[in-house]
Structure formats: C-alpha cells, structure tokens
Chemist: 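Dropping the structure in here first, questions after.
Values reported hereafter were calculated over all heavy atoms of this structure, with side chains retained and with hydrogens, waters and symmetry mates removed. All chains are named by letter (A, B, ...) in the order of the sequence lines, taking the proteins before the strands, and each is independently numbered beginning at 1.
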There are 2 protein chains.
Amino acid sequence: MATSNSGIDRRIRKSKKTLKDSLIALMKSKDFREITITDIVELADLNRGTFYKHYQYKEELLEEVMEDVIADLIISYREPYKHVDVFTINELSVSVIKIFEHVANFADIYTLVLKSNALPTLHDRICEELKKLPLEDLEDYRPNPKINKELASSYQAYAILGMIIEWVNTDFKYSAEYMAEQLLEIITNKPVNAVYKISKTCKAGPQE
Amino acid sequence: MATSNSGIDRRIRKSKKTLKDSLIALMKSKDFREITITDIVELADLNRGTFYKHYQYKEELLEEVMEDVIADLIISYREPYKHVDVFTINELSVSVIKIFEHVANFADIYTLVLKSNALPTLHDRICEELKKLPLEDLEDYRPNPKINKELASSYQAYAILGMIIEWVNTDFKYSAEYMAEQLLEIITNKPVNAVYKISKTCKAGPQE
DNA sequence: AAATTTAGTGTACAGATGTTCATTAACTTC
DNA sequence: GAAGTTAATGAACATCTGTACACTAAATTT
C-alpha cells in the first residue's frame, strides 16, 4: 500500500498531492507550527473536510510526504546489491554512498523537515529503514557472540542518522562521497585495547 | 538558568510545578496529542492565562519536564570524573554505566515521553548532551586525522541514543550494567580489514 | 512596614479545530 | 451507458486556542 499508488481513485490522488504540495510550499515561508489546516486547504483550494477525510492532523500529511522520500531511500541503497551475492568493502562503500547521495538529492526537503522539528517520529522512521541496511552484514562477518544484535543494529542505525543530521546542520557542506568515506573510516577505525590508558592533563591519584 | 531555580518567584515555581505534574499525570491515561491545554489547567486548578504566561504550547511544558531529567543525566555521567585526571577503560565504563543507570532511574518518564513521540526535539537535545560525554576522549586517544570530529561526535551520540531507544522499546528488559557492557563491546569490537571479503549464499559473477 | 512590581484571575473575542450531515460531482463496476 | 459507490462540498456547531485587558493578590524592594 504505497503512498503514490496509482490504483487509487484519481480524486484522492489529486487531493492528496495538492495538499502535500501546499504544505511544502507553506513550510518554505513559515514555521510548521504556525501553519494551520485552514492555511493548507485554502492554498490547496479544497474543502477543509477533504483534509480530514484523509488525515487526522498536519503531521500525518507531512509523514506521507516523507514516506515518498523514504521509498526513494530504500531504492537507493538496494540498487548496488541487485545483482551481487558476494560483497566486499567496495560494494559496501558504493551502497553507503548511495544513501548519502539520496539525502543530497532530497536536501531541500530533509533540511525543511529535520530543521523544522515537525515530525517527532521521523528519526525513528528513518532508523527503522537504516536497520535493514546491508551494514548489518558488516557486523555479521566479525562474529562476536557477546554482542546483542538488536542493540548493535539500533546503535548503527542511529549513528548514521547522527551523521546525516550533522550533515544537514552544516547545510551540506560536504560531498556525499566524503560522508561515505567518513562513515567507513569511523566504522573501521577501532581502538587497540593495549593503548587504552591515556593521560589528560597531568597524572593524579586514583581517588581524592 | 536552571528550570528548578530556587531564586525564582515562589508563585511561578508553584504554578510551573503544578502544570508539569498535571501534564505527566494526564500522559499516563491519555495520548499526548489528545491532551488539551484546557485539560492541563483544569487539573492543575489554574487559570488558562497562567499557562500562557509561561509557555507557548504544551510541548514547551514537556520540554521543561525533560530539562529536569537531562540535568540529572549530566550530573550522572560527570560524577565518576570529578576527581580523576587520568582515565582508563575502567573509569570510562563506570561513566557509561552511570548513563544507563540514570535512564533506568527515570524509566517511567523516558518511556512516557519517548513512546508518546511528543517531543520532536528530544532526540537532538539528548544527543547534544551525549556529545559532551567523555566518550569523545575515546576517539581522541586513537588519533586518526582522517576522521572529522564533528561527524564522529554526532555519530557516537546518536549511536548511544539508539541503544537507549532500543532499551526503552524492550521495556528495560536488560540491566544498566548489561547495556554498558554492550556499548563498550560494540565500540571496541572493530573489524580487521583483511577479513573484509565475505560470501553470502553462493559465489556469483561481479555483474549480471 | 509601605511602596512597587509582578503573577494569577476572570472575562471576552476572533480564529482554528474536529465532527456531522445533506447535497453534488466524479469515479468504478457491470 | 446505467447503476451504484464514494470523494468533495458547504454549512453548522461545540470546543479549544491564543491574545487582550482590567482587576486582585502575592511577591520583592526600599
């Protein structure tokens, strides 16, 4: 049941599209919080009842906007794996680049939505998808039975989201390739246990 | 400018506390979205104007509730470092345990707020604090000039948030100690480059 | 203790919300 | 192409929101 399903009544498709476009347009000029449903339907030139027929509140409308974006995210990272059964670090990096490229492609909307803090569920929704990433394989090949898969998976997904958020906050000052490089660098740069003890300013007693 | 500042007019302190308590109480029985400001002030037995004198909308009230919680988070992780200038992996793990213990102490409110998806900014706010963690030191001692500090910091902070969210979603089925162990295990378990190539199901041609 | 400042109250009002319902218009099915 | 279905409309209504203002009650300042 995709959001842009073409098997749906044309009237619904048109109304929903107009509502989405209107919301995006309004978000470019005013704060999400200040946008009323009345604003949206007036710009969309639709009856207010039409909005309530499809959505409960404006967040739900924005959610649907983002579902379209996330659908592209999924396509993006899956693409390099289409015809590959064996993968190496190189194919992984291709997949990682695709993710960042996808974000760069939708830079406008990511900026608009992430900076507006309009969608409380967006972080979790993105991470839900990131958890399905081939990056999980990165964990699998170094079998450490001590590590809890679910925790590690959530760790990894939110970590990548963290990089994306930082990227958005810099107004995309890095390239997608650079972001992918950084992610792989961070993932592969693990500490050597022996070097763990370090001094900060000066050596001091263990307790004072 | 703390939220529970005692240097503030007693009337303000009382009103704010009553409003916070009322909101929390209401959140236990109904969805955040369905709670109206009228509900809050009626339960608090205060005039609606009093709410608007201090807050713009209910999210702002909830934000202040969480600021009190976050204040405790900060105290918690700083505590082990009070009298230490040299730190080792052991002291780090103590600090990490303190974070998870703090979350466990406020399990009720973390569950209430994170599961309600009421605060779009909460993730970012928590991560803002996590970025200040001594974990940064963990990065510093293995100097890799290729790694972008800001990106790595955001990566690490959101990664820990990811673990916390997963923990909340399991209704705290693990202990704080276990969570800390897992975090340290994940952080220190880095792949060896040589073993990077793995096969999934069967070997296949590079492209089809 | 008196003077001043400021928080909380009660009322009022315009606009937004969320829902209902009868009516019209567009689409789907046969 | 006709019949049946369902989306969109317009109007109406109770409730909530956000703001304003004059008033009082409690705090702080001197």
Chemist: Hey, which sits more toward the 5' end of DNA chain C by its nearest nucleotide, B:S15 or B:R48?
Modeler: B:S15
Chemist: Is any side-chain N of the basic residue among A:K131 and B:E166 closer than 4.0 Å to the acidic one's carboxylate O?
Modeler: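 Looking at A:K131 and B:E166, the cut-off is met.
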Chemist: Could you list where the contact with chain B starts and ends along DNA chain D, reading 5' to 3', using a 4.0 Å heavy-atom cut-off?
Modeler: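 Listing 5' to 3', DNA chain D meets chain B from D:dC16 to D:dA27.
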Chemist: Nearest whole angstrom, please: distance from the C1' of C:dA25 to the NZ of A:K14.
Modeler: 13 Å
Chemist: Between B:D45 (CG) and C:dG10 (C1'), how many Å, whole number?
Modeler: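 One finds 14 Å between C1' of C:dG10 and CG of B:D45, rounded.
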Chemist: Quickly work out the A:K53 NZ to C:dA22 C1' distance and round it to whole Å.
Modeler: 12 Å
Chemist: Within the structure, does a side-chain N or O atom of B:H54 lie under 4.0 Å from either OP1 or OP2 of C:dG8?
Modeler: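 Yes, such a contact exists.
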Chemist: In terms of the angle between their ring planes, are B:Y158 and A:H123 parallel, tilted or perpendicular, with boundaries placed at 30° and 60°?
Modeler: perpendicular
Chemist: So if I take every side-chain heavy atom of A:Y52 and compare against C:dT9, C:dC27, C:dG18, which nucleotide ends up nearest?
Modeler: C:dG18
Chemist: Hey, which of these two, A:R33 or A:G49, hits DNA chain D nearer its 5' end, going by closest nucleotide?
Modeler: A:G49
Chemist: Applying a 4.0 Å non-hydrogen cut-off, can you work out what A:R11 is touching in the nucleic acid: base, sugar-phosphate, or nothing?
Modeler: base
Chemist: Do the rings of A:F106 and A:H102 sit parallel, tilted or perpendicular, given the 30° and 60° boundaries?
Modeler: tilted
Chemist: Calculate the interatomic distance between B:Y57 atom OH and C:dA16 atom P; express it in whole Å.
Modeler: 18 Å
Chemist: Please determine whether the number of non-hydrogen atoms from other residues, nucleotides or ligands lying under 6.0 Å from atom NZ of A:K28 exceeds 12.
Modeler: no
Chemist: Would you kindly give the CD1-to-P distance between B:I12 and C:dT5, to the nearest whole Å?
Modeler: 16 Å
Chemist: To the closest 0.5 Å, what do you measure between CG (B:N117) and CG (A:L119)?
Modeler: 10.0 Å
Chemist: Report yes if at least one side-chain N or O of A:T38 is closer than 4.0 Å to OP1 or OP2 of C:dT17; otherwise report no.
Modeler: yes
Chemist: Which pair of heavy atoms, one from A:V113 and one from A:M66, lies closest together, and at what distance?
Modeler: CG2-SD, 3.7 Å
Chemist: Do the side-chain N and O atoms of A:D21 and A:T18 include a donor-acceptor pair separated by under 3.5 angstrom?
Modeler: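 No.
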Chemist: Taking atom P of C:dT20 as reference, at what distance in whole Å does atom CZ of A:F51 sit?
Modeler: 16 Å
